[in-house]
J.: 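Structure in structure tokens, see below.
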There are 2 protein chains.
Amino acid sequence: MDDPSAGDRVRLIDVARRCGVTKSVVSRVLNDDPSLNVRPETRQRIRAAALELGYRAHAGARALAGAETRALALLIPDLANPVYSRIIRGAYRRAREHGYVVLLAEDTADDGADEAFADLVEAGRVDGLLIASARPGHRLLSSARLARIPHVFVNREVPGSGRNVAMELAAASATAVRYLHGMGHRRIAMVSGPADLQPARLRERGFVDAVRALGLPSELVARGEFSEQGGASAAGRLLDREPGPTAVYCSTLGQAVGALHAIRTRGLHVPADVSVVTYDDLPLAGYLDPPLTSVAMPLLELGAAAVDAVLQQLAGGPAADVAIRVPPAIVERGSVRRLP
Amino acid sequence: MDDPSAGDRVRLIDVARRCGVTKSVVSRVLNDDPSLNVRPETRQRIRAAALELGYRAHAGARALAGAETRALALLIPDLANPVYSRIIRGAYRRAREHGYVVLLAEDTADDGADEAFADLVEAGRVDGLLIASARPGHRLLSSARLARIPHVFVNREVPGSGRNVAMELAAASATAVRYLHGMGHRRIAMVSGPADLQPARLRERGFVDAVRALGLPSELVARGEFSEQGGASAAGRLLDREPGPTAVYCSTLGQAVGALHAIRTRGLHVPADVSVVTYDDLPLAGYLDPPLTSVAMPLLELGAAAVDAVLQQLAGGPAADVAIRVPPAIVERGSVRRLP
DNA sequence: CTGAAAGCGCTTACAG
DNA sequence: CTGAAAGCGCTTACAG
């Protein structure tokens, strides 16, 4: 049965026969092997035939033969947080530009997703890893397996790893603080994230440094989970202090929603009684009551840069830290009052 | 170089040698081949050795040899919508229970994600497809490729496909309508989704049928995108009618947030002037102002059932429609006023 | 410079 | 019932 229509898979040999050349040539043409020297016309003919037949290399066969799988895996801590969708989108697009697919995994504790993630690697399904999951002490991090595969940490920094792709988290907090200071606020509080999440700590550190630099009190910090619930309880604790803050800066939009709730619950109003600024700029922010002023971060760029960084490792380059230098931007919406 | 430590991959032959048996036996034991007959003790020994050596079959080699890839692909229309994270989670978990991994793709129009999705199939990366992307006329749907691979439609129905895994969308709308009717509302409006999204149409049809059955007016329907913006403008149009609705039922939480915005903008209050019920129950709903009464849907079950359905096809069973019969549930929170 | 051939790591009829 | 062997579809040194 030489008829290509017999089975439904179109193979290398099918396009080779169609063109009257050998598999080797086709493989080399399709993979842009520079050591091959054929007439441009033949090259064209082969490409056209491949397209016409709908040839697509079997990923498994290719991987088995020693080539790359052309797949990357992306580990996300929480798919319910829409912020990650922007990182994911940035990564997908850049990956596609380079002919790679991205396999997404969510790292929920109960799921053994880290195991599944490792499986992807061991099973030879992916060439590299993008790790955006943030708990230190994660099983994955201590895995000896990790050392053998190209990977980067996205939106989190593993100290000394030399493969952190990061935004300017501390600068984001400083931007928010300076903005509030410019609006006349002197008692600025922060709803921070869990102490064991490294990016949360970085944003908190940036906040503390920024208020200190301005000579403002730095003890108005409360921590909570990255959720509405976490934000509500942390903000509640801040509001109950005496004297209370005139402005609250939240670490995530979810927390900000919770903070608004806590403020309302106490019969206070935004921005009349308390001003609010949130990290994370998403459409939702513009439709809350009041619309929230926020700090927009370069999330698409982050995802794209992370892909670039693994791809560079795959190309044999050394691992390196990457800093996304797009500066955090304040999006003004009306949740901040100018104090006299 | 017979030393397994030479390369870093542990192969079938490595565990075979360790146990003094052949590759065949190991492969059969590990894949639970029922036609194999070995002493339970040997079986144990092989399993233990595989575990100890950290053996993991090369997915590519396995796929190439004709076995399954043990991977499924899931196509989602919009990762920024947190509702999908619950479907995804349900699918991931069930897949893992069966030893499958799930590759996630987002179907944004500009991305050529449908191409990427098809690639996954053609390249032999996945055994089956879960399609939750909803536009009819999607390139993927008309692809002849689709016919050759096990797949199901999740949370959308392709008429006549015989492979729809669906919740009771019409019943959800009916539940909301009957609840509002029970609270004394007679002029009930609906913020519906885009006309070309089939699940949006189903919910709208359910709404229209339900209000008609109760003898209520059925013309209070406005459509908008599944976003805050879409909800705000659709709700605005409804509120500007004369006489206006006493209650608004929204198709998604994002739209409901937009509707709240539109209501506020007009100087009205929820639930004093207008009551609101939203499809989609997420933590966010409980932290809005006021907290939104919502219709909770069995999303985890939906994701899990979709996996079951493809797996059944993979096992050689016929494709079949699946209806998730968990009834939609009203979660009362305080955005609905009882009318006298 | 190109083609024939080996080999990647599996699974599975098939022969013993 | 089990083991030896073929073969899945590629890539890539290597021989010509």
Side-chain angles (χ1 to χ4, degrees), chain A residues 1-2 4 6-40 42-43 45-46 50 53-71 99 119 121-125 127, chain B residues 1-2 4 6-40 42-43 45-46 50 53-71 99 119 121-125 127:
Chain A
M1 253 346 109
D2 281 15
D8 42 4
R9 170 164 288 286
V10 178
R11 297 150 306 163
L12 204 48
I13 188 112
D14 298 319
V15 0
R17 279 208 263 260
R18 161 85 70 129
C19 299
V21 298
T22 59
K23 297 194 304 175
S24 314
V25 179
V26 178
S27 173
R28 281 164 174 144
V29 165
L30 263 25
N31 290 316
D32 289 316
D33 183 337
S35 77
L36 182 71
N37 215 337
V38 287
R39 283 180 304 174
T42 312
R43 215 174 267 275
R45 200 154 43 92
I46 291 175
L53 294 173
Y55 172 72
R56 194 110 10 168
H58 183 113
R62 171 184 263 160
L64 195 54
E68 287 158 358
T69 63
R70 302 199 153 260
D119 277 9
V121 180
E122 318 266 289
R125 288 188 205 270
D127 298 327
Chain B
M1 254 340 113
D2 282 14
D8 43 4
R9 169 165 289 284
V10 178
R11 296 151 307 163
L12 205 49
I13 187 112
D14 298 318
V15 2
R17 279 208 262 261
R18 163 83 70 126
C19 300
V21 299
T22 60
K23 297 193 303 175
S24 314
V25 179
V26 177
S27 173
R28 281 163 174 145
V29 164
L30 262 27
N31 290 318
D32 289 316
D33 183 337
S35 77
L36 181 70
N37 215 337
V38 288
R39 283 181 304 173
T42 312
R43 214 174 268 275
R45 201 155 42 92
I46 290 174
L53 293 173
Y55 172 73
R56 193 111 9 171
H58 183 113
R62 172 184 263 160
L64 195 54
E68 286 158 359
T69 62
R70 302 201 151 258
D119 277 8
V121 180
E122 317 267 288
R125 288 187 204 270
D127 298 327

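Residue numbers start from 1 in every chain, and the chains themselves are labelled A, B, ... in the order their sequence lines are given, proteins ahead of strands.
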J.: Using whole Å, what does the distance between atom P of nucleotide C:dA4 and atom CG of A:L36 come to?
T.: 15 Å

J.: How long is the gap from NZ on A:K23 to CZ on A:R28, to the nearest 0.5 Å?
T.: 11.5 Å

J.: Please report, rounded to the nearest Å, how far the P atom of D:dC8 is from the CG atom of A:D14.
T.: 12 Å

J.: Nearest 0.5 Å please: distance from the CD atom of B:E68 over to the CG atom of B:D127.
T.: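 Spacing of CD (B:E68) from CG (B:D127) equals 5.0 Å.
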
J.: Within this structure, what is the CG-OG1 distance for the pair A:L12 and A:T22, rounded to the nearest 0.5 Å?
T.: 9.0 Å

J.: Can you check each nucleotide of nucleotides 10-16 of chain C against protein heavy atoms at under 4.0 Å and return B for base, S for sugar-phosphate only, - for none, in 5' to 3' order?
T.: BBBBB--

J.: Please give, in whole Å, the distance from D:dG3 P to B:R17 CZ?
T.: 15 Å

J.: Backbone N or O of A:C19 within a donor-acceptor pair of the A:R45 side chain at under 3.5 Å?
T.: yes

J.: Tell me: CZ of A:R125 to P of C:dC8, nearest whole Å?
T.: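 Value for this atom pair: 21 Å.
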
J.: Dot-bracket for DNA chain C, 5' to 3', counting Watson-Crick or G-U wobble pairs under 3.5 Å, with [ ] for crossing pairs and | for inter-strand pairs?
T.: |||.||||||||.|||

J.: Test your reading of the model: is there a side-chain donor-acceptor pair from A:R62 to the backbone of B:A123, 3.5 Å cut-off?
T.: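 Absent.
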
J.: Determine the interatomic distance between P on D:dG16 and the same-named atom on C:dG7; round to the nearest Å.
T.: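 The answer is 16 Å between these two P atoms.
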
J.: Rounding to the closest angstrom, what is the interatomic distance between C:dG9 and D:dC14 at atom C1'?
T.: 23 Å

J.: Counting N and O atoms only, with roles assigned by atom type, does the side chain of A:R9 sit under 3.5 Å from a partner on the main chain of B:E122, one being a donor and the other an acceptor?
T.: yes

J.: With side chains defined as the heavy atoms from C-beta onward, is the minimum distance between A:L30 and A:Y55 less than 4.5 Å?
T.: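 Of all side-chain heavy-atom pairs linking A:Y55 with A:L30, at least one is under 4.5 Å.
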
J.: Identify whether any heavy atom of A:V25 sits under 4.0 Å from a base atom; if not, whether one sits that close to sugar-phosphate; answer base, sugar-phosphate or nothing.
T.: sugar-phosphate

J.: When you compare the side chain of A:T69 with that of B:R125, does any pair of heavy atoms fall below 4.5 Å?
T.: yes

